Amino acid sequence: MRWPSLWASYPSQQDEVSKELGTNTSQTPGEALDSFLSTSKSASTLPPSRKSTDWSSFLTTTPSQLFFARENILPTAVLTGTCLAFYAFYRSYLRRIPVAGNISPGFFRKRSLVGRVTSVGDGDNFRVFHTPGGRLAGWGWLPWRRVPKEKKELKNKTIHIRLAGVDAPELAHFGRPPQPFSQEALTWLTDYVLNRRIRAYVYKRDQYDRVVATVYIWKGLLRRDVGLQMLRAGLATVYEAKSGAEFGVGLEEKYRKAEWWAKLRKKGMWAATKKNFESPREYKTRHGSETTVEAAKGK
């Protein structure tokens, strides 16, 4: 819209001015100007949605007034709650645990760990690189979610796992001779779990900074209990201790049945004659305290 010409030279122009200003042609130029200004003032009484922003009042508003404004409270609460919920989910399910010492006490007997086995140290313990969330969280296919392969890259980044409820033949430690079938047990466990993804249901951390856990591995479409399979192969015995033996819920009876089955069929170490047979527990007793032998295994 063009600005009205307040001083018209011709009658036709005066008629246009009269229509625009809402005046008649008999008004003088000064009267016409006053009428135009009064019309502009009436425009300021339009509804708030059509008024211009009052920037001076906005700039003088304090942050607390903006934060506690009714229209801001609900979005702020929703955003804050969402951030807190995401952080709690991350800490519980997506945060990587580098070593056993970083597992909080509340984690034991309630949660499980998913990871990849990076090394096997003995017939009943190995090291795991924790991969929280598994493949759903990108482990194994996202470039920044790769499990290190070099030993120096894995230093202080793996959790030492001790299989719960089983005891494998002892390797040579501190000048002591190896127990029969100790190498066979080590080879079997290495072939079974090394570089494989496992899930460990954790029970406690022992005095050697190992996590005692029941470990499962997928073989095809079936989930296998690693300790149970060792017992069936005759390469481990049910763990016997005066105190502190750990089994998962309902697993002790299953483990003892598997041991009985291996004995009956003379599998693995049970192939030896009764006279020459020595269990891991008996070996530890004969060669000194269990603490010394277990400490060597924990290294």
Side-chain angles (χ1 to χ4, degrees), residues 93-103 107-108 111-142 144-171 181-206 208-233 235-236 239 246-248 251 255 268 280 294 296-299:
Y93 299 101
L94 298 178
R95 182 173 63 96
R96 209 186 79 77
I97 301 173
V99 294
N102 293 118
I103 302 177
F107 199 95
F108 295 109
R111 300 284 305 281
S112 62
L113 295 171
V114 176
R116 186 176 293 276
V117 177
T118 58
S119 65
V120 179
D122 207 336
D124 50 29
N125 68 88
F126 48 83
R127 290 189 172 273
V128 172
F129 186 91
H130 184 214
T131 56
R135 294 189 64 83
L136 290 177
W139 289 101
W141 56 275
L142 288 178
W144 60 90
R145 289 282 199 174
R146 300 287 185 183
V147 177
K149 295 182 179 180
E150 299 296 328
K151 189 174 182 179
K152 61 181 180 181
E153 294 178 320
L154 290 168
K155 186 177 181 180
N156 298 324
K157 294 181 181 179
T158 57
I159 300 171
H160 199 172
I161 300 287
R162 169 66 163 86
L163 289 175
V166 302
D167 207 1
E170 304 295 333
L171 291 169
F181 289 94
S182 58
Q183 188 60 48
E184 288 85 345
L186 175 62
T187 301
W188 184 94
L189 187 61
T190 301
D191 293 340
Y192 203 73
V193 302
L194 185 61
N195 295 323
R196 301 292 299 273
R197 289 186 295 115
I198 59 95
R199 181 179 292 275
Y201 292 87
V202 296
Y203 304 129
K204 68 177 183 180
R205 187 169 69 246
D206 67 13
Y208 311 111
D209 208 29
R210 302 175 303 185
V211 175
V212 181
T214 298
V215 177
Y216 291 89
I217 189 171
W218 287 95
K219 290 289 186 178
L221 298 177
L222 300 176
R223 192 177 75 157
R224 303 288 191 183
D225 179 340
V226 177
L228 182 65
Q229 298 306 313
M230 285 200 77
L231 290 169
R232 288 176 174 172
L235 295 173
Y239 188 79
E246 291 287 347
F247 298 90
L251 289 179
Y255 281 14
E294 288 295 324
K297 291 172 65 175
K299 291 183 177 181

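Values in this document were obtained by computation on a predicted structure and should not be read as measured data. Because only heavy atoms are used, hydrogens play no part in the values below, and waters and symmetry mates are left out as well, while side chains stay in.
In this structure Thr190 satisfies the side chain to side chain contact (heavy atoms under 4.5 Å, CB included) test together with Val120, Leu186, Leu194, sequence neighbours excluded. For the side-chain hydrogen bond (donor to acceptor under 3.5 Å, both in side chains) test, no residue two or more places apart in sequence or in another chain qualifies with Tyr192. Judged as a side chain to side chain contact (heavy atoms under 4.5 Å, CB included), and not counting sequence neighbours, Asn195 has no contacts. Looking at residues two or more places apart in sequence or on another chain, you find a side chain to side chain contact (heavy atoms under 4.5 Å, CB included) between Ala100 and Ile159, Arg205, Asp209, Val211. Residues forming a salt bridge (Lys or Arg N to Asp or Glu O under 4.0 Å) with Glu184 (at least two apart in sequence, or on another chain): none. Residues that satisfy the side-chain hydrogen bond (donor to acceptor under 3.5 Å, both in side chains) test with Thr187, not counting sequence neighbours, are absent from this structure. For Glu246, the side-chain hydrogen bond (donor to acceptor under 3.5 Å, both in side chains) criterion is met by Arg109, not counting sequence neighbours. The salt bridge (Lys or Arg N to Asp or Glu O under 4.0 Å) search around Arg232 returns none, not counting sequence neighbours.
Residues Asn125 and His160 meet the side-chain proximity criterion, which asks for heavy atoms closer than 4.5 Å. Counting heavy atoms from C-beta outward, Gln229 and Trp188 have side chains that approach closer than 4.5 Å. Side chains of Arg96 and Pro132 form a contact here, defined as non-hydrogen atoms less than 4.5 Å apart. The shortest distance between side-chain heavy atoms of Leu163 and Met230 falls below 4.5 Å.
Under the 3.5 Å distance criterion, the side-chain polar atoms of Trp141 are matched with a main-chain donor or acceptor of Arg135. Side chain of Asp122 to backbone of Asp124: no donor-acceptor contact under 3.5 angstrom is found.
Rounding to the nearest 0.5 angstrom, the gap separating the CG atom in Leu231 from the OH atom in Tyr255 is 7.0 Å. Atom CZ of Phe126 is separated from atom CD1 of Ile161 by 6.0 Å, given to the nearest 0.5 angstrom. Within the model, atoms CZ of Arg116 and CD1 of Ile198 stand 10.5 Å from one another, a figure rounded to the nearest 0.5 Å. How far CD of Glu153 is from NZ of Lys157: 7.0 Å, rounded to the nearest 0.5 Å.
Closest non-hydrogen pair, Asn156 versus Val99, comes out as O-CG1, 3.4 Å. Closest approach of Ala236 and Val166 over heavy atoms only: CB-CB, 4.2 Å. Pro169 and Pro280 make their closest contact through N-CG, 3.9 Å (heavy atoms, listed as atom of the first residue, atom of the second, distance). Nearest heavy atom pair, residue Ala213 against residue Ala200, reads CB-CB, 3.9 Å.
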Run Ile97 and Leu113 through side chain to side chain contact (heavy atoms under 4.5 Å, CB included) and show every step you take. CA-CA 9 Å; Ile97 301 173; Leu113 295 171; 3.9 Å; yes
Hey, can you pull the donor-acceptor pairs under 3.5 Å for the side chains in residues 214-222, sequence neighbours left out?
{"unit_1": "Thr214", "atom_1": "OG1", "unit_2": "Tyr203", "atom_2": "OH", "d": "2.6"}

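Of the candidates Val117, Leu235, Val226, Val226 is the only one forming a side-chain contact (heavy atoms from CB on, under 4.5 Å) with Leu189.
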